[in-house]
Amino acid sequence: METILRREEMAEIMLLPIRHHSPACSLQIKKMIESWKPSSILVEGPENANSLREIMVHEETRAPFAIYYSYHDREGKLSKEKAYYKCYYPFLEYSPELTALREAKKRGMEAAFIDLPYGDILAASREGKGLLKDEEKNSYNDDYLLSRNTYIKRLCEKTGLRNFDEFWEKYFEINGLYEEGDVWFSHLFTYCSLARENTPPESMEEDGCLKREAHMAAKIIQCAMAHGAKGRAEERWEEDLMAWMDPYRILVITGGFHTPGIRERLADGRWEETKRLLDNPSARIPKEDQSVYLMPYSMEAADALNGYASGMPFAGFYQKVWEGIGEMDAPYEKAVLDMLVSAGKEVRKKEGYLSTYDEICAWQMAKGLGELRSKPQPGAYELLDAVLSSYIKGEYNIASAMPMLVLKKQMTGRGMGSLCPLADVPPILHDFEMRCKAFGLKVRSTSEMETVLSIFSSRKHRNESMFFHQMVFLGTPFARRVKGPNLQQGKDKNLIRETWKYKWSAEVPAALIDVSVHGATIEEAAASLVGERLKGETGAGRAAVLLTQVFEMGLSGQLEAVYERVQELIVQDTDFYSMAEAVKALTMMEELSGLYGSALEISRLLLESVRKLIGLLPSMAGIKEENLPSCMDAVKMLYQITGKGSDMEQEKEAYFGALDEMCRDEGIHAGLHGCIWGILYGSGRETAIEVEKACLGYLTGTRGQLLQTAVFFRGLFYTAKDLIFIGGKILEMLDDFFGKVEENEFMELLPQLRMAFTYFTPGETDKIAKMAAGLHGKGREDILYRKEILPEWYAYGRELDAYARGHMHKA
Amino acid sequence: MQESIKPPVEVKYKEELDALKSNDTGRCPENWRLSPKAVRAFILGSTQPIEYNGKEVRVEKKYYGNDALVERCIVTLAGNRGLMLVGEPGTAKTMLSELLSAAISGVSTNTIQGTAGTTEDMIKYSWNYALLLAKGPSREALVPAPLYIGMEKGILTRFEEITRTPAEIQDSLISVMSDKILNVPELGEQGFLFARPGFNVIGTANTRDKGVNEMSSALKRRFNFETVMPVREVAVEKQIILNEVNKLAKESNVHMKADEDVAELLASTYHELREGVSSYGHRIDKPAAVMSTAEAVSVYYQTMLTGYYYGEKRMSVDCLVQNLVGAVSKENKEDLGKVREYFNTVVKDKSGKEGGLWKQYYDARKWLK
């Protein structure tokens with residue numbers, strides 16, 4: 001806490017440092033406003049959001065919400081790309097800035113945001129730094145400045161605390177409940193000053209901190225001058241002299257890292273220099289290219305955003321603490337206990353093993369750890385430790401981590417905010433409502449609705465489908481297609497209707513506000529996003545998929561640009577799988593273009609990509625195991641495309657030439673080899689006897705080759721499964737193969753064998769089993785009964801499943 | 001000259017323990033020699049030296065890696081449940097269990113060594129058959145085993161490698177852990193041993209032994225589990241190697257100091273092979289062998305001994321690589337290939353970019369045969 005008294009302006013300025021989303025800061029600010037009684041409150045935040053303050057403090061507005069800032073660099077002031085920029089400034093119920101604004105409203109004080117407008121913060125930041133960081137989402141919250149310095153690392157080591165958040169909770173959050181405001185703020189100010197001293201000045205420059213601080217300081221001076229002695233002389237002329245002598249009080253609330261910087265700029269020596277900035281305003285970015293809206297936000301989103309910016313985690317936990325402050329003596333204890341019980345209940349529901357005694361032990365653990373760590377009350381970290389130690393039985397790994405996941409989810413919280421009806425919305429939301437009305441969609445209902453669209457026979461339905469596709473492309477959780485031709489995956493091309501399910505929720509406007517920077521209508525935003533995506537596309541496959549999406553969305557204005565880009569990329573791209581993806585998407589488009597009534601010349605693109613793919617084919621002989629399925633898909637797809645009667649028949653010879661070349665390659669993958677032999681048999685170019693010979697080559701080969709037989713069969717059955725029923729020779733070979741491998745080798749090969757037999761229908765598998773039993777003089781019934789499977793195997797399988805799921809989840 | 005190769009923790013750190021006790025102002029759970037805070041200071045070190053017997057005693061940090069885990073262990077032991085430390089081999093589970101026992105009960109030797117041959121007698125009690133025949137069943141003829149001693153004296157009982165012990169033997173702990181009472185039927189009405197406060201059990205189990213003798217869920221419920229993870233930071237691993245090697249050298253009168261750069265090299269190698277990714281971002285095939293810090297210490301110490309007795313009292317990188325070969329070629333022959341690959345990619349790149357010791361290390365790859 002720093003106070004500065006300016007005699008000339010007769011204004012007393014108090015600078016309060018805060019950490020965003022800190023309940024203790026909120027509490028202390030509330031107390032400080034009560035006792036110090038400021039005349040106006042200035043809050044850190046881009047000043048172009050000043051128009052939103054009324055809505056933010058409106059009694060019907062519920063946190064969490066976020067200020068959404070966007071800027072379209074039409075004039076190329078930031079970079080040649082003329083890009084779109086956006087960032088979020090989330091507020092939770094206990095955010096200190098929100099508390100200050102609410103208090104100001106309650107007491108009839110003036111309040112204002114004083115930071116540079118968003119566009120100018122961007123202009124003040126270096127490429128890739130500050131709000132120009134290359135993150136999926138940028139947060140205005142810059143608390144990372146408090147936690148990423150060499151000083152805090154050392155401090156945590158010294159105090160035996162694992163990270164800055166634990167340090168903060170112990171010394172500032174929990175202590176904030178007990179300490180007097182001036183002591184608490186002065187501790188915080190000391191910490192912030194040390195954090196600043198240990199941050200290299202160049203990084204502050206790069207992040208745009210220094211320019212922002214200069215602007216904020218100038219705004220404070222402006223306020224002091226406007227309301228100081230000179231500014232108030234006339235209106236106070238008649239009043240009591242003593243009252244006239246009372247200084248005007250300005251409370252300034254900024255992120256703790258900036259407080260020492262602002263203080264320095266307001267010091268006597270630099271006051272005049274800072275004041276001069278007012279004559280020469282630093283805002284340079286056109287206002288009309290910047291937008292600012294309030295959007296409902298969720299605790300989960302705030303938590304994820306904090307992850308990027310090192311803001312305070314565990315929004316749900318601190319919300320509970322905040323609710324308890326003032327109501328009880330030990331709000332942390334209560335929050336920890338509540339969460340132990342609620343997490344325990346959920347774990348019990350999911351796994352069933354957790355007892356009340358486990359909860360008692362966890363509670364004892366949390367309290368014991370609090371005492372051991374000299375914390376007046378156990379906090380978030382004791383809660384995490386208690387669950388880790390008392391709810392997890394056995395080794396802590398992905399399979400046993402469920403209680404921790406449950407707890408973390410609860411600590412993150414599920415709350416979602418809402419805005420009062422007065423809140424202004426961007427034009428894209430109006431467009432959304434208008435289009436919903438035009439299509440007769442029921443968006444006032446919270447239950448999911450279904451609609452079936454005859455996209456090829458009704459123009460209205462096709463328009464509605466385009467609207468749904470655009471909404472999906474914009475990433476809004478509004479509609480999902482449950483049935484219909486899928487151009488991206490090449491599925492269901494025989495369907496002539498689309499079935500959509502749609503549902504309105506608070507997330508829909510939030511998601512639309514999120515993309516509002518890209519345009520005023522849904523179509524405009526989608527078109528602009530297509531353009532953005534196209535810039536970053538380097539693979540023909542992804543670009544072709546984008547073409548299908550543009551096609552579905554009916555963005556005719558974009559079709560040509562995307563078409564040309566796909567054409568370019570087909571020439572440039574040398575990645576086999578990407579080309580295969582392109583061929584797949586284009587084939588589907590070509591087949592359906594008549595129905596969609598498209599005038600695009602897809603066949604030319606398709607021909608070029610097929611030729612390219614065939615050209616790349618021979619280099620794929622020695623693929624890695626994990627690429628086998630996609631490679632086999634591509635080989636089979638090319639066979640179908642160049643098949644009899646198709647427009648691509650002229651490519652057939654080139655295709656078989658490529659297959660020939662692959663077979664001659666000594667390093668050919670056995671699975672692919674099998675797949676090619678299947679095709680050669682299917683096309684009548686080779687006889688069953690030749691195929692059997694090829695199998696025999698593996699079977700009678702050296703040990704390493706023998707073991708490849710399983711994967712060879714996998715490839716063979718993928719393209720020519722009927723071979724197994726012809727003559728029975730293949731089955732005999734398989735039987736022979738099983739006789740030759742050791743048990744452990746068999747276990748190793750089992751996954752490949754299983755894959756090989758997945759291409760058969762259950763009826764066919766039965767038939768094969770019967771034939772196989774016949775080879776050993778047994779009947780169908782003799783092989784139906786098997787030994788029981790031990791429970792341990794199941795347990796192991798479950799563990800393995802959980803492990804794999806965990807890994808896939810992480811990936 | 002010391003009397004044993006490895007003196008128990010309470011003997012080795014007697015001065016630290018006494019100093020902590022004399023300055024301990026915290027509340028002690030009944031029968032604990034030190035308060036939980038002093039136990040924490042003993043294991044994790046204290047920033048300030050302690051005045052004791054007119055001199056300043058510095059309490060050094062003995063366990064690295066996860067302070068919160070140590071704190072959870074202490075709180076668990078003050079409560080009603082036992083403590084089970086599980087983890088990969090070589091993650092200092094046993095050391096932590098010894099440190100906890102020495103600090104809390106003043107003795108770390110009240111231990112059951114779990115093996116496939118462990119019987120209930122070795123856990124609870126057996127008989128001195130001569131006395132049993134002469135005097136009949138009496139307390140005098142009873143030979144208490146660690147669990148009995150722990151309960152009788154109110155001290156911790158350590159159970160090492162519990163999952164090596166057959167499941168039915170492990171289960172003999174269940175009722176003792178929950179009821180805190182041991183019945184010796186042979187002694188009739190005097191046969192009830194009620195555990196004194198301060199008694200608890202610290203078990204250790206190796207996750208590589210999983211499935212050997214899985215613990216029953218009834219027994220699991222009597223314990224709080226702590227999973228001891230390998231050290232995540234190279235700097236900490238390097239510090240552990242230095243500390244442990246210097247300690248071993250001192251105990252064996254080897255007058256040679258551990259070299260920081262070599263320790264860092266070894267710590268990086270172990271860390272990268274264990275995690276499967278190098279500091280430059282190369283993806284590495286992980287060997288099946290245990291790449292624990294304890295193994296790294298042993299590789300370093302062997303190299304140091306060779307240098308001390310057969311060399312010129314300095315660390316030879318060639319010898320280090322030879323010892324590394326010995327350490328990784330335990331589980332299967334493919335591991336050595338993986339280490340060779342590691343040298344051909346990661347060490348090669350590092351030798352090019354960082355030079356110095358990494359270059360020598362890369363040159364020593366000829367020993368990877």
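Letters A, B, ... mirror the listed sequences (proteins, then strands); counts begin at 1.
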- Item | Interatomic spacing from CZ in B/Phe225 to NZ in A/Lys393 - rounded to 0.5 Å | 7.0 Å
Only pairs under 3.5 Å count here: list side-chain donor-acceptor contacts from residues 365-372 of chain A, not counting sequence neighbours, and write none if there are none.
from	atom 1	to	atom 2	distance (Å)
A/Glu371	OE1	B/Arg27	NH2	3.3

- Message: Using a 6.0 Å cut-off, check whether atom NZ of B/Lys286 has over 12 heavy atoms from anything other than its own residue.
- Response: no
- Query: Counting only heavy atoms not in A/Lys409, do more than 12 fall under 6.0 Å of its NZ?
  - Reply: no
- Query: Where on A/Tyr357 is there a heavy atom nearer than 4.5 Å to chain B: the side chain, the backbone, both, or neither?
  - Reply: both
- Message: Around atom OH of A/Tyr178, are there more than 12 heavy atoms from other residues, nucleotides or ligands closer than 6.0 Å?
- Response: yes
- Exceeds 12 heavy-atom contacts within 6.0 angstrom, atom NZ of B/Lys338: yes
- Task: Counting only heavy atoms closer than 4.5 Å, note whether A/Ile360 contacts chain B via side chain, backbone, both or neither.
- Result: neither
- Residues, nucleotides or ligands: over 12 heavy atoms within 6.0 Å of A/Glu745 CD: yes
- Task: Output the distance between atom OG (A/Ser389) and atom CZ (B/Arg81), rounded to the nearest 0.5 Å.
- Result: 8.0 Å
- Message: For the CZ atom of A/Arg162 and the CD atom of B/Glu71, what is their distance to the nearest 0.5 Å?
- Response: 7.5 Å
- Task: Kindly indicate whether the side chain of B/Thr47, heavy atoms from C-beta on, has any atom under 4.5 Å from the side chain of A/Glu157.
- Result: no
- Note on the structure: Note: vs chain A, highest number of non-hydrogen pairs under 4.5 angstrom among B/Arg72, B/Glu226, B/Met84, B/Arg40 is B/Arg72
- Item | Within 6.0 angstrom of A/Tyr803 OH, more than 12 heavy atoms from elsewhere | no
- Item | Nearest heavy atoms of B/Thr227 and A/Gly394, plus distance in Å | OG1-O, 4.2 Å
- Message: Assess the residue pair B/Met229 and A/Tyr396 against the criterion (side-chain contact (heavy atoms from CB on, under 4.5 Å)); give the C-alpha distance rounded to whole Å, side-chain angles, the decisive distance to 0.1 Å, and a yes or no.
- Response: CA-CA 9 Å; B/Met229 301 284 181; A/Tyr396 178 54; 4.1 Å; yes
